[in-house]
Amino acid sequence: MTTSPATPPAPVCAPAQIGPCSGCGAPTQRYGLGGCPLCVICHAPVLAQQTKKPAA
């Protein structure tokens with residue numbers, strides 16, 4: 001059995017708001033309210049890094 005890389009969920013928005021993810025090229029909502037240049041899979045590590053608490 002072969003494993004394939006995770007596939008982000010299909011965007012639920014108007015087709016005009018869909019564009020390629022800057023990280024992996026998968027279709028994602030890039031434009032409009034809630035748009036992001038990264039798909040949810042590529043955005044997860046960035047979000048995790050941003051939410052880390054600073055060392056005391």
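Keep in mind that what you see is a predicted model, and the values were worked out from it rather than measured.
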**Closest approach of Cys39 to Cys21 (non-hydrogen atoms, all atoms of both residues)** = N-SG, 3.3 Å
**Request:** Mind checking side chain to side chain contact (heavy atoms under 4.5 Å, CB included) for Pro45 and listing every partner two or more places apart, or none if nothing turns up?
**Result:** none
**Request:** Rounded to the nearest 0.5 Å, what's the gap from CD on Gln29 to CD1 on Ile18? Could you check?
**Result:** 8.0 Å
**Prompt:** With no hydrogens and no angle check, is any side-chain donor or acceptor of Ser22 less than 3.5 Å from a backbone partner on Pro37?
**Reply:** yes
**Request:** Answer yes or no: are there more than 12 heavy-atom neighbours, outside Leu33 itself, under 6.0 Å from its atom CG?
**Result:** no
**Item:** Qualifying side-chain hydrogen bond (donor to acceptor under 3.5 Å, both in side chains) pairs, either residue in residues 36-50, two or more places apart
**Value:** none
**Prompt:** If every non-hydrogen atom of Val46 is compared with every non-hydrogen atom of Leu38, which pair is closest and at what distance?
**Reply:** CG2-CD1, 4.1 Å
